[in-house]
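Just below is one structure, and these are the notes that go with it.
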Amino acid sequence: MGMFERDTDIYRDRDALREDYQPEQLVGRDEELDTYQTTLQPVINGEQPNNVFLYGKTGVGKTAATRYLLDHLQSDAAEYDDIDLSVVMLNCDGLTSSYQIATRLVNEFRDDTDQISTTGYPRAAVYDMLWNELDTNGGTILIVLDEVDHIEDDSILYQLPRARANGNLETAKTGIIGISNDFSFREDLSPKVRSSLCEEEIHFPAYDATELQQILQQRADVAFHESVLEEGVIRLCAAYGAKDAGDARQSLDLLMKAGDIARDDSAEHVIDEHVRQGRTSLERGRIREGIGGLTQHGHLVLYAVLTLDQQGKTPVRSRDVRPRYTSMAERAGINPLVTRRMRDHLSELIMLGILDVTERNEGRRGGTYREYSVSMDPELIISAMADTVELVGIHESIEKLLERESTSTLQDYQ
DNA sequence: ATTCCACCGGAACGTGTGGGGG
DNA sequence: CCCCCACACGTTCCGGTGGAAT
């Protein structure tokens, strides 16, 4: 027997729980798929494709539906000699500008050996390269921009649909499929862009609890061997996704995590307890990821709120976070940021789900302000920070603070 | 209805970093 | 080598906001 043994596995096909798994049937999206299919029809007819705008919360099947239909579209298009269809899918997460999108698109069309840098060129030069690539490729080109709301300027969304009219493209017919979690993104678009990008709109509503359970069941049937899942596991995972507005992805991630934990335990069944452990583990990962991406100052601000929380001083308004933050910065030998900037860091921590905020208004006497509190187990955050953050002297301060917590002598920090 | 508080958050501007092309 | 470009992160300035107080 070697060092590695095959796990006696509860899984039949674990990949069925992965996000990129493509089930043969999409649950609960019949209407949306119908409309979607109709808007793609022109492609098969060899006409100029429609631009489509899909919106709906995360994990409601927008991307899945797109992949599903485009797969079919591509294989069906292959039946017709006069149709030359290319599909480019680009996730805009982490890309903030049209410029970034343009460079990525150029690279999508280019050989691995011929990639361009994502910075450095004049904007117009990148667009020229893009038109060039599109025209060289030719035919019908569908460009899917997933999470398109991450782009902060309209430019590419304005340019792409008009490229042909503006004489930048000769042969290629392009269609854009924009996918967004954020409906307000649509409102923020300039009217010209909105009318072209959003000529067809499809709304994906959140899954309800029943649909979520159906989806989980469908995947679980493939993923696990029979009767591995204990009664209630599916329901628990579905509830987890449902609390955050019908998010199937979250539910599936959790189910997979629970399965993995069960497997590590060499358990024969996945039980509620595994799901609960999975939740903590996912949560931990999320925090770690969020914290890893913070600036030094972001860490200091977080530390400030954490220590205040440990002293029972939360919820705390930004005004009262400030002195703690400055003294933290001093300890670390770093110049503290200006108040305005500190508030930005607080907001960022909220976006990451690490802090909570409530808006308060005391009117003429007190004015409006926000109160911050720690939104999850401080121990989790502290352990994540200990791993990802290097700030001389600060960890020690925190640890002392936590120890002294019990003896409640905290003058040091007053 | 109007005033006023306190701070929120947008916007314009500055600086440092890293990659371009010629 | 030079100067150009985009971008992340900060600072400065300031108009906006919503509800208690008047």
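Numbers restart at 1 for each chain; the letters A, B, ... are given by sequence-line order, proteins then strands. All values reported here derive from a predicted model rather than from experimental measurement.
Residues passing the side chain to side chain contact (heavy atoms under 4.5 Å, CB included) test with A:Y21 are A:A16, A:P23, A:E24, A:R219, A:V222, sequence neighbours excluded. By the salt bridge (Lys or Arg N to Asp or Glu O under 4.0 Å) test, A:E32 pairs with A:R29, sequence neighbours left out.
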Using a 4.0 Å cut-off on protein heavy atoms (strictly under), produce a 5'-to-3' string for nucleotides 12-22 of chain C with B for base contact, S for backbone-only sugar-phosphate contact, and - for none. BB---BBBBBS
Using a 4.0 Å heavy-atom cut-off to protein, can you give one letter per nucleotide of nucleotides 16-22 of chain B, 5' to 3': B if the base is in contact, S if only the sugar-phosphate is, - if neither? ---BSS-
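Applying the ring-ring contact (aromatic ring centres under 6.0 Å, His included) test to residues at least two apart or on different chains, none of the pairs has a partner in residues 333-376 of chain A.
An OP1 or OP2 oxygen of C:dA6 is reached within less than 4.0 angstrom by no side-chain nitrogen or oxygen of A:Q100. Taking 4.0 angstrom as the limit, A:R370 places none of its side-chain polar atoms (N or O) nearer than this to OP1 or OP2 of B:dC7. Within the 4.0 Å cut-off from OP1 or OP2 of C:dG10, at least one side-chain nitrogen or oxygen of A:H345 is found.
For A:Q48, the CD atom is densely surrounded, since the number of other residues' heavy atoms within 6.0 Å is greater than 12.
In this structure, a donor-acceptor pair under 3.5 Å is present between the side chains of A:Q217 and A:D221.
Contacts between residues 353-360 of chain A and DNA chain C, defined by a heavy-atom separation under 4.0 Å, are absent.
Judged by distance alone, with hydrogens and angles left aside, the side-chain atoms of A:D377 form a donor-acceptor pair with the main-chain N or O of A:E379 at under 3.5 Å.
Rounded to the nearest 0.5 Å, atoms CG (A:D84) and CG (A:N137) are 6.5 Å apart.
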